[in-house]
**Student:** 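I have a structure I would like to understand better, so I am pasting it below and will then ask my questions one at a time.
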Protein chains: 2
Amino acid sequence: MPTPHYGQPRYRTIADELKERIERGVIPPGTLLPAESTLTAEFRVARGTIRQAIAALREAGFVTTEHGRGTYARLLRNEAGPNKQSEPKARLRQVAADPELASLFDVEVGTMLIEQERVTRANGAVEKVVRTYRLLRASQGEFDCSSSTSPPPSGP
Amino acid sequence: MPTPHYGQPRYRTIADELKERIERGVIPPGTLLPAESTLTAEFRVARGTIRQAIAALREAGFVTTEHGRGTYARLLRNEAGPNKQSEPKARLRQVAADPELASLFDVEVGTMLIEQERVTRANGAVEKVVRTYRLLRASQGEFDCSSSTSPPPSGP
DNA sequence: AGAAATTTGTCCGTATGTATC
DNA sequence: AGATACATACGGACAAATTTC
């Protein structure tokens with residue numbers, strides 16, 4: 001019985017079913033979905049079909065997947081919620097020059113540069129990230145910056 | 001808009017586009033091309049078409065592909081001696097998301113992003129480097145997982 | 001610390017049905 | 001009618017990250 005795709009494709013039916021389970025709490029947010037092999041057995045479809053269903057859920061933002069781990073149900077953010085996110089839209093910091101930047105600026109790799117980062121959003125989702133790099137020409141050509149290794153990110 | 005293959009078949013133009021990216025360094029030699037599924041999304045064509053395009057590149061020697069691994073860009077550069085042409089003012093390429101970009105875009109670390117780099121100069125010296133990152137998700141905005149590409153099913 | 005089992009990622013080949021030029 | 005392309009689905013195999021023993 002291969003591929004009678006009249007009404008709804010099977011992967012979409014499966015995606016909807018899984019979405020239901022997440023929304024109903026059958027698969028609570030933060031927990032793992034059944035493995036692809038399990039779902040394959042449960043719905044009696046090929047693995048590719050399961051993966052297609054999960055891909056649809058991932059695109060829609062219902063789940064996130066990690067290699068070797070599994071697929072997690074994600075907590076749905078309420079968009080009407082109060083924007084308690086104090087995420088700055090622009091930030092300034094010092095970073096070490098990667099080889100390419102070093103080459104462009106004609107400095108040694110690791111030289112500290114000023115990085116300005118701007119984030120633009122569309123509908124709450126990040127649309128674009130712009131990073132601007134400049135030399136920190138601090139009044140003289142060279143100075144020893146062997147100490148402070150600017151602590152990069154620290155993202156949870 | 002399916003199948004307007006006037007001048008060239010789709011897989012040919014896609015193969016040419018990928019070839020361009022390899023030659024321009026958007027896909028640096030030795031690195032993996034995006035997965036078939038990714039290319040499928042990016043060019044919005046069927047998988048078979050992508051496979052046809054890659055097969056053409058493989059036959060032409062631009063890429064090699066390994067089962068279960070992916071397709072690698074290969075280098076066969078023997079352009080004329082004189083360095084590179086004048087430096088491009090803006091270059092486009094794919095890069096893996098670092099932890100911070102991944103967090104911002106809400107994708108997995110390592111997800112390929114499009115990076116556009118612009119260099120501005122003052123008196124010949126590089127003054128500023130601007131890197132802009134975007135998702136390479138084809139230009140489809142948000143959609144819920146029950147509609148992919150609008151073929152409204154009509155009852156038979 | 002190391003080996004095995006799980007699980008996801010990717011590619012391969014094939015197949016059917018639909019649609020358009 | 002034939003070539004091109006699309007969408008869907010199957011099954012198998014290898015690769016790589018993670019977890020478990």
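Throughout, protein chains are lettered first and strands after them, A, B, ... in sequence-line order, and every chain is numbered starting at 1. Everything quoted here is computed from the prediction, not taken from an experiment.
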**Student:** Any non-hydrogen side-chain atom of A:Leu39 less than 4.5 Å from a side-chain atom of A:Leu18?
**Tutor:**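 The answer is yes; the side chains approach within 4.5 Å.
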**Student:** Please find the pair of heavy atoms, one from A:Pro28 and one from A:Ala73, that lie closest to each other, and give the distance.
**Tutor:**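 Heavy atoms of A:Pro28 and A:Ala73 come nearest at O-CB, 3.7 Å.
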**Student:** Can you measure B:Tyr11 atom OH to D:dC6 atom P for me and round it to whole angstrom units?
**Tutor:**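 Spelled out: OH on B:Tyr11 to P on D:dC6 is 13 Å.
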**Student:** Does A:Arg21 have any salt bridge (Lys or Arg N to Asp or Glu O under 4.0 Å) partners at least two apart in sequence or in another chain, and if so, which?
**Tutor:**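 For A:Arg21, the residues satisfying salt bridge (Lys or Arg N to Asp or Glu O under 4.0 Å) (neighbours in sequence not counted) are A:Glu17, A:Glu42.
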**Student:** Take the protein atom CG of A:Leu39 and the nucleotide atom P of C:dT7, then report the distance between them rounded to whole Å.
**Tutor:**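 Checked: the CG to P distance equals 11 Å.
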**Student:** Starting from P on C:dT10, measure out to CD on A:Gln52 and report it in whole angstrom.
**Tutor:**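 So the CD-P distance, A:Gln52 to C:dT10, works out to 14 Å.
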**Student:** Quick one: A:His67 NE2 to C:dT10 P, roughly how many Å, whole number?
**Tutor:**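 From A:His67 NE2 to C:dT10 P: 8 Å.
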**Student:** The criterion is side chain to side chain donor-acceptor pair (under 3.5 Å); which residues satisfy it with B:Tyr72, sequence neighbours excluded?
**Tutor:**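 B:Tyr72: side chain to side chain donor-acceptor pair (under 3.5 Å) contacts with B:Arg69.
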**Student:** Could you check if a side-chain atom of A:Leu113 sits within less than 4.5 angstrom of a side-chain atom of A:Leu135, using non-hydrogen atoms only?
**Tutor:**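 With C-beta onward as the side chain, the pair touches.
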**Student:** Applying the side-chain contact (heavy atoms from CB on, under 4.5 Å) criterion to A:Leu33, which one of A:Thr65, A:Thr38, A:Val63 satisfies it?
**Tutor:**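 So, applying the side-chain contact (heavy atoms from CB on, under 4.5 Å) to A:Leu33 and each of A:Thr65, A:Thr38, A:Val63, only A:Val63 qualifies.
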**Student:** Does C:dC12 have its OP1 or OP2 closer than 4.0 Å to a side-chain nitrogen or oxygen of B:Arg58?
**Tutor:**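 True: B:Arg58 side-chain N/O within range (under 4.0 Å) of C:dC12 OP1/OP2.
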**Student:** Mind checking if A:Gly70 touches a base, just sugar-phosphate, or nothing, with heavy atoms under 4.0 Å?
**Tutor:**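 Touches sugar-phosphate only.
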**Student:** Identify which nucleotide among C:dT7, D:dT8, C:dC11 has an atom closest to any side-chain atom of B:Thr65, counting heavy atoms from C-beta outward.
**Tutor:**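 Nucleotide nearest to B:Thr65's side chain: C:dC11.
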**Student:** Rounded to whole Å, please give me the gap between CD in A:Glu36 and C1' in D:dT18.
**Tutor:**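 Spelled out: CD on A:Glu36 to C1' on D:dT18 is 14 Å.
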**Student:** From the options D:dA9, C:dT8, D:dT8, select the nucleotide whose nearest atom is closest to the side chain of A:Thr49.
**Tutor:**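 The answer is D:dA9.
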**Student:** Taking atom NZ of A:Lys128 and atom CD1 of B:Ile114, what is their separation to the nearest 0.5 Å?
**Tutor:**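 Spacing of NZ (A:Lys128) from CD1 (B:Ile114) equals 13.0 Å.
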**Student:** With a 3.5 Å cut-off and sequence neighbours excluded, list the donor-acceptor pairs that the side chains of residues 43-54 of chain A form with protein atoms.
**Tutor:**
residue : atom : partner : partner atom : Å
A:Arg47 : NE   : A:Glu36 : OE1          : 2.7
A:Arg47 : NH2  : A:Glu36 : OE1          : 3.0
A:Arg51 : NH1  : A:Glu36 : OE2          : 2.7

**Student:** For the pair made of CZ in A:Arg47 and C1' in D:dC14, what is the distance, rounded to whole Å?
**Tutor:**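 About 11 Å, once rounded to whole Å.
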**Student:** Rounded to the Å, how far apart are A:Ile14 CD1 and D:dA9 P?
**Tutor:**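 Rounded to whole Å, this separation is 8 Å.
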**Student:** Let me have the donor-acceptor pairs involving side chains of residues 95-106 of chain A, under 3.5 Å, with sequence neighbours excluded, atom names and distances please.
**Tutor:**
residue  : atom : partner  : partner atom : Å
A:Asp98  : OD1  : A:Glu100 : N            : 2.9
A:Asp98  : OD1  : A:Leu101 : N            : 2.7
A:Asp98  : OD2  : B:Arg131 : NH1          : 3.0
A:Asp98  : OD2  : B:Arg131 : NH2          : 3.3
A:Glu100 : OE1  : B:Arg93  : NH1          : 3.2
A:Glu100 : OE1  : B:Arg93  : NH2          : 2.4
A:Glu100 : OE2  : B:Arg91  : NH1          : 3.1
A:Glu100 : OE2  : B:Arg93  : NH2          : 3.4

**Student:** Taking N or O atoms only and anything under 3.5 Å, show me the protein contacts with nucleotides 19-21 of chain D, one pair per line.
**Tutor:**
residue : atom : partner : partner atom : Å
D:dT19  : OP1  : A:Arg69 : NE           : 2.6
D:dT19  : OP1  : A:Arg69 : NH2          : 3.1

**Student:** Take the C1' atoms of the five end pairs on each side of the helix from C:dG2-D:dC21 to C:dC21-D:dG2, derive the two axes, and give their angle rounded to 10 degrees.
**Tutor:**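 Overall, the helix from C:dG2-D:dC21 to C:dC21-D:dG2 bends by 10° from one end axis to the other.
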**Student:** To the nearest Å, how far apart are A:Ile50 CD1 and D:dA9 P?
**Tutor:**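 One finds 11 Å between P of D:dA9 and CD1 of A:Ile50, rounded.
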**Student:** Here's a test of your reading of the structure: between A:Ala46 and B:Gly48, which maps to the more 5' nucleotide of DNA chain D?
**Tutor:**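 Closest to the 5' end, via its nearest nucleotide, is B:Gly48.
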**Student:** Is A:Arg51 close enough to C:dG9 that one of its side-chain N or O atoms is under 4.0 Å from OP1 or OP2 there?
**Tutor:**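 Yes, such a contact exists.
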